[in-house]
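So you know, we letter chains A, B, ... as the sequences are listed, proteins then strands, and number each from 1. The basis for the numbers below is simple: all heavy atoms, side chains too, and nothing from hydrogens, waters or symmetry mates.
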Amino acid sequence: MTFRLYDTATREVRDFRPLEEGKAGVYVCGLTVQSEPHVGHVRSAVNFDVLRRWLTHQGYQVSFIRNVTDIDDKILAKAAEQGRPWFNLAYEMHGKLTEALASINVLPPTYEPGATGHVPEMLELIDTLVTRGHAYAAEDGSGDVYFDVRSWPSYGELTGQKVDDMEAAEDADPRGKRDPRDFALWKGWKKESEPDTAAWPSPYGPGRPGWHIECSAMAGKYLGPAFDIHGGGVDLRFPHHENEQAQSRAAGHPFASYWMHNAWITTAGEKMSKSLGNALQVPKVLERVRGIELRFYMVSAHYRSHVEFSFEALDEAAVGFRRIETFLDKAGPGEAGEVPDAFAAAMDDDLGTPAAVAVLFDTVREANRSDAPAALAHFAPQVRAMLGVLGLDPADPAWGTTGSDDAALTAAVDALVAGLLEQRAEARAAKDFARADTIRDQIKEAGIEVEDTPAGPRWTLSNGAR
RNA sequence: GGUGGGUUGGCCGAGAGGCGAGGCAACGGACUGCAAAUCCGUGUACACGGGUUCAAAUCCCGUACCCACCUCCA
């Protein structure tokens, strides 16, 4: 069985054939660290984290590069607004991003390059493009360098557009461009409005890199001139990815073999974004559900489908996920085993996580049908394996609930509850059910649910956390 | 104007010519002292109008509505 994925460039599902047997190079456009990440940003990260885990599961040695854009117009503008250095803003927001991703168990990438650390690589690429006649220094002395769209006949191939059909960019300030669609590779320093910390020396004068060149340079540096998969959100297809591909290919690099783009999380039918004022910050959502539940909610939908975010749907997903956790609790700790064939087939089919989750539920139901230890021993490892691939294993220490303090606390509560449960057991034995129920209600008021199981009473925290 | 995507049962959300994914909710039942958990059962949904076909939610044509990109954006 081969892994197939939808390639946005060819608009079809294709077999995944890595450039090098057993290895996979993946580049994902991360964020511009200008503000706190919202759930939409994080969905993209989860999608590609699942891709990475699935490739790894199949035995690929994965190089997973996710960049961070730590300088751009917005960062400079915001920092100026807040009266602090741009690098301080970027650094702080980068920290928040890392936190948010950790809270939903997105693995750290193999490497997370930042734009500001790769200016020499970008200048080298720009130089190559200028030498080859695909880029030129602005004719107005601004210090900008532009990519010459007309010099690259296949410009538009990624998104199936023709340059002449594109909406005439109403570029109020042509800034020495030969064609309005030419885009900046290098942005000349604006002395009056930009701090000198935001300028790097270059043959074209001091300035800073344009957005698109960053990714081309960094992908090239860490994955080589040709690599397997390039990912990002759908909005990046154009212009960002189109531009990246044009630059890199014009410079003589084959670039990505496959392009993957994830769809949006919308609210009230609109794309979630800061400017629309409907952005939902991750910590805000985590006041309502646990990180693992948020991740489950995201994984339940296909990565290419729009998801209309709602707290109701999120809550429902959380309830469903708790059923899986309840099963795992019953099974007790153990190792992950093999993933069922149906699960693998679903994942192989362009990361069919919805179908994969269906297999997960099917397996849990199958196991629950029989309480026999043999059934548990058979199915529990499968469930753990599937959850592992999806990054949803509750036992994963990444969820951060198994610290020693927690363990000690759990033991303490357990001792207290055990005493009460003993009294309740006595009452039940004496058929004094009123008293038994009173005890159970008391415990419940403390936020602890008691269930009677064939193996005796069991307690859990009412909020679903353990 | 160009490009891409969408419209599925009470809700979420898959699928992509025949066989009712899965989850949540609801109702009935089993189990239980009662609960909880779990299991079993119950729902003939695919925007609209045509067409192709033995067979269409899935293909074709048309219509309506929605969204995204073409400017910074996961």
Q | Spatial distance of atom OH (A/Tyr222) from atom CG (A/Asn67) [nearest 0.5 Å] | A |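 Answer for the OH-CG pair, A/Tyr222 versus A/Asn67, is 11.0 Å.
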Anything under 3.5 Å between a donor and an acceptor, one on a side chain of residues 428-443 of chain A, the other on a protein residue two or more places apart or in another chain? List them.
residue: A/Arg428; atom: NH1; partner: A/Asp452; partner atom: OD1; Å: 3.2
residue: A/Asp432; atom: OD1; partner: A/Arg435; partner atom: N; Å: 3.3
residue: A/Thr438; atom: OG1; partner: A/Ala434; partner atom: O; Å: 2.8

Distance, rounded to the nearest Å, where [X] contributes [atom1] and [N] contributes [atom2]:
X        : N     : atom1 : atom2 : value
A/Glu312 : B/C11 : CD    : P     : 13 Å
A/Trp459 : B/A37 : CH2   : P     : 18 Å
A/Arg365 : B/A21 : CZ    : P     : 13 Å
A/Arg369 : B/A37 : CZ    : C1'   : 16 Å
A/Phe238 : B/C69 : CZ    : P     : 13 Å
A/Leu360 : B/A21 : CG    : P     : 18 Å
A/Leu314 : B/C11 : CG    : P     : 19 Å
A/Glu214 : B/A74 : CD    : P     : 12 Å

**Q.** Range-with-range stems of RNA chain B (Watson-Crick or G-U pairs under 3.5 Å, three or more in a row)
**A.**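 The stems are B:1-7 with B:64-70, B:10-12 with B:22-24, B:26-30 with B:38-42, B:47-51 with B:59-63.
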Report each atom pair, protein N/O against N/O of nucleotides 30-34 of chain B, whose distance is under 3.5 angstrom.
residue: B/G33; atom: N7; partner: A/Arg428; partner atom: NH2; Å: 3.4
residue: B/G33; atom: O6; partner: A/Arg428; partner atom: NE; Å: 3.2
residue: B/G33; atom: N1; partner: A/Asp437; partner atom: OD1; Å: 3.1
residue: B/G33; atom: N2; partner: A/Asp437; partner atom: OD2; Å: 2.7
residue: B/C34; atom: O2; partner: A/Arg440; partner atom: NH2; Å: 2.7
residue: B/C34; atom: N3; partner: A/Arg440; partner atom: NH1; Å: 3.2
residue: B/C34; atom: N3; partner: A/Arg440; partner atom: NH2; Å: 3.4
residue: B/C34; atom: N4; partner: A/Asp452; partner atom: OD2; Å: 3.0

Q) Who pairs with A/Phe64 by ring pair (Phe, Tyr, Trp, His ring centres under 6.0 Å), at least two apart in sequence or on another chain? A)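 Listed in chain order: nothing, the list is empty.
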Side chain of [X], heavy atoms from C-beta onward: which of [options] has the nearest atom to it?
X        : options             : result
A/Ile265 : B/A21, B/A74, B/C39 : B/A74
A/His41  : B/A74, B/G4, B/A36  : B/A74
A/Leu236 : B/C72, B/C12, B/A74 : B/A74
A/Lys74  : B/C12, B/A37, B/C72 : B/C72
A/Glu451 : B/A36, B/C39, B/C69 : B/A36
A/Ser44  : B/C40, B/A74, B/U71 : B/A74

Test of ring centre spacing under 6.0 Å for [X] and [Y]:
X        : Y        : value
A/His241 : A/His212 : no
A/Phe327 : A/Phe379 : no
A/Phe183 : A/Tyr146 : no

Say we look at [N] and [M]: how far apart would their [atom1] atoms be, to the nearest angstrom?
N     : M     : atom1 : result
B/G2  : B/U71 : C1'   : 16 Å
B/A14 : B/G6  : C1'   : 15 Å
B/U32 : B/G43 : C1'   : 28 Å
B/A25 : B/G17 : C1'   : 32 Å
B/C66 : B/G23 : P     : 34 Å
B/G10 : B/A45 : C1'   : 12 Å
B/G50 : B/A56 : P     : 14 Å
B/G13 : B/C24 : C1'   : 11 Å

Q | Nucleic acid contacts of residues 86-107 of chain A, taken as heavy-atom distances under 4.0 Å to RNA chain B | A |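 Those residues: none at all.
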Q) Looking at A/Tyr6, does the NZ or CZ of A/Arg304 lie under 6.0 angstrom from its six-membered ring centre and within 45 degrees of the ring axis? A)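 Here A/Arg304 passes the 6.0 Å and 45° test against A/Tyr6.
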Set of residues satisfying salt bridge (charged side-chain N to carboxylate O under 4.0 Å, His left out) with respect to [X], sequence neighbours excluded:
X        : answer
A/Glu366 : A/Arg369
A/Glu157 : A/Arg249
A/Arg384 : none

Distance-only donor-acceptor check, side chains [X] and [Y], under 3.5 Å:
X        : Y        : value
A/Asp348 : A/Trp54  : yes
A/Ser216 : A/Ser248 : yes
A/Asp70  : A/Thr116 : yes
A/Thr159 : A/Gln161 : yes
A/Trp459 : A/Asp414 : yes

Show me the donor-acceptor pairs, under 3.5 Å and distance only, between side chains in residues 87-94 of chain A and residues at least two apart or in other chains.
residue: A/Glu92; atom: OE1; partner: A/Arg84; partner atom: NH1; Å: 2.8
residue: A/Glu92; atom: OE1; partner: A/Arg84; partner atom: NH2; Å: 3.0
residue: A/His94; atom: NE2; partner: A/Glu112; partner atom: OE1; Å: 2.9

Q) At under 4.0 Å, does any side-chain N or O of A/Arg304 touch on OP1 or OP2 of B/G4? A)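 A/Arg304 to B/G4 OP1/OP2: no side-chain N or O under 4.0 Å.
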Q: Ignoring backbone atoms, test whether A/Asn262 places a side-chain nitrogen or oxygen under 4.0 Å from the OP1 or OP2 oxygen of B/A74.
A: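 For B/A74, OP1/OP2 do not have a side-chain N/O of A/Asn262 under 4.0 Å.
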Atom pairs, protein N/O to nucleotides 13-16 of chain B N/O, distance under 3.5 Å:
residue: B/A14; atom: OP1; partner: A/His302; partner atom: N; Å: 2.7
residue: B/A14; atom: OP1; partner: A/Ser305; partner atom: OG; Å: 3.0

Q: Only counting residues at least two apart or in another chain, list the ones meeting side chain to side chain donor-acceptor pair (under 3.5 Å) with A/Trp200.
A: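 Residues passing side chain to side chain donor-acceptor pair (under 3.5 Å) with A/Trp200: none at all.
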**Q.** RNA chain B: 5'-proximal contact among A/Tyr6 and A/Gly233 (nearest heavy atom)
**A.**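 Result: A/Tyr6.
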Q | 5' priority, RNA chain B, between A/Thr32 and A/Ala358 [closest heavy atom] | A |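 Nearest nucleotide further toward 5': that of A/Ala358.
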(Q) Tell me if the CD atom of A/Gln82 is crowded by more than 12 foreign heavy atoms within 6.0 Å. (A)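 Above 12, so yes.
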Check nucleotides 24-28 of chain B against the protein and report each pair of N or O atoms closer than 3.5 Å, with its distance, or say if there are none.
residue: B/C24; atom: OP1; partner: A/Arg323; partner atom: NH1; Å: 3.1
residue: B/C24; atom: OP2; partner: A/Arg323; partner atom: NH1; Å: 3.3

